[in-house]
Amino acid sequence: MAADDLTVRRWRAPGRINVIGDHTDYQDGFCLPMAIDRECRVTVRSTAGTPTITATSAQEPGTVVVATDGSTDPTTVEPAWGRFVAGAVAAGTARGATLPGGTWTITSSVPAGSGLSSSSALSVALVLAAVGLGGLHLDPVALARLALDAEIRATGVPGGLLDQMTALHAVPGHLLLLDCRTLTVEPVPLPRSLGFVVVHSGRARTLAGSGYAERRAAVEAAAAALGLPALRDATPDQVAHDPRARHVVSENARVLAFADALRTGRTDALGPLMLASHASLRDDYGVSTPELDRAVDRLMAHGALGARLTGAGFGGCVVGLVQRNHADDIVAKVARDLVAAGVTDPLAFAVRPGAAAGVAPD
Ligand code: GLA
């Protein structure tokens with residue numbers, strides 16, 4: 001059978017939690033994410049001579065048809081999940097990929113709209129497909145940039161590189177210390193006795209329409225007013241009067257302290273740093289919600305060592321640091337509390353560090 005004739009190929013990309021370091025990536029700062037054991041997969045069946053890609057999703061309704069030459073404008077595609085397909089095809093072809101037509105089937109175990117980077121898992125898997133089918137060879141940083149390009153084409157949201165870098169650099173058993181200025185990653189081992197649980201606040205999160213772009217513009221303006229390329233370079237004194245900028249500067253310091261505590265085995269320091277991060281995101285950056293605060297509170301009440309919102313905020317999930325052998329018990333108790341508070345179908349589960357995006361096994 002010819003290589004482009006109904007050949008089946010598969011790619012995968014994981015979701016992530018951000019353990020600490022939110023709203024720092026777009027100011028050249030530090031983040032400490034971990035890819036999780038939930039992922040998005042794209043299965044491609046290519047057909048010779050077909051000028052279109054027909055995409056379906058196991059989780060979302062509808063069928064999307066996109067031109068292989070990248071001429072489909074992502075913003076016009078309905079249903080909206082298909083914009084990611086068009087975005088990946090447009091970004092891949094703009095980079096020089098020549099794509100065969102065929103069918104692309106998407107399936108994902110990353111809950112959507114939860115702050116666990118379901119969108120980036122999707123865009124990274126799609127971009128890997130576009131690049132793999134198009135015969136391009138890109139390193140992980142270039143792939144992360146291409147996936148971000150695809151996502152911005154799809155959503156218009158000016159995200160940073162945190163999510164895509166995490167998916168492409170993940171190391172099983174490790175967190176990733178990400179320097180968003182140099183775009184370098186240091187894997188930091190997670191002690192075997194520790195684990196993370198994720199709890200959905202009960203309020204869905206969407207980045208488009210939220211205050212994400214507004215927050216980003218505010219801290220860009222703060223950096224410019226200080227004459228700095230980014231708040232990475234600001235001192236605490238320089239931003240003491242500005243809560244938004246103050247969050248970015250204090251969060252960078254917490255990320256470095258957290259990584260240092262992990263490296264030196266001072267695990268007692270971890271939980272308080274996560275709680276301080278949540279307080280800063282709530283009080284200084286203004287991206288928490290009462291539901292997120294409640295989920296943090298419930299995790300702490302049931303024995304988590306620390307907890308905080310994860311990702312952009314404005315709804316979605318919180319992450320709790322736990323003794324690994326307490327994870328299931330804490331998840332069950334928090335879920336019970338959420339039901340009592342009126343959340344139907346609470347989403348709470350333990351996560352383990354996942355593997356980097358790439359070709360998926362059959
Ligand atoms: C979203 C964006 C990331 C990052 C986080 C906040 O997940 O996609 O780039 O800015 O919010 O840390």
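Order of listing sets the numbers, starting from 1, for every ligand and every atom in it.
- In plain terms, the two heavy atoms of L305 and V322 that are nearest each other are CD1-C, 4.1 Å.
- At a heavy-atom distance under 4.0 Å, only side-chain atoms of R16, from C-beta outward, approach ligand 1.
- Between the side chains of T184 and D179, no donor-acceptor pair of N or O atoms lies under 3.5 Å.
- Between F196 and F349, the distance from one ring center to the other does not fall under 6.0 angstrom.
- Ring-plane geometry between H23 and Y285 is classed as tilted, the angle between the planes lying from 30 to 60 degrees on a 0 to 90 degree scale.
- Under 4.0 angstrom from ligand 1, the non-hydrogen atoms of D22 come from both its backbone and its side chain.
- In this structure, a donor-acceptor pair under 3.5 Å is absent between the side chains of D22 and H247.
- Within ligand 1, the atoms closer than 4.0 Å to a non-hydrogen atom of H23 are 6 (C), 12 (O), numbered from 1 in the order shown.
- For the pairing with F258, the side-chain contact (heavy atoms from CB on, under 4.5 Å) check across V188, L177, I20 returns one residue only, I20.
- Atoms of ligand 1 lying under 4.0 Å from at least one heavy atom of D25, given by number and element, are 3 (C), 4 (C), 9 (O), 10 (O).
- For ligand 1, the atoms sitting less than 4.0 Å from at least one non-hydrogen atom of G160 are 9 (O), numbered in the order shown with element in parentheses.
- Where the criterion is an N or O separation shorter than 3.5 Å, residue side chain and backbone included, Y26 fails it with respect to ligand 1.
- For the pair T24 and ligand 1, the shortest N or O to N or O distance does not fall below 3.5 Å.
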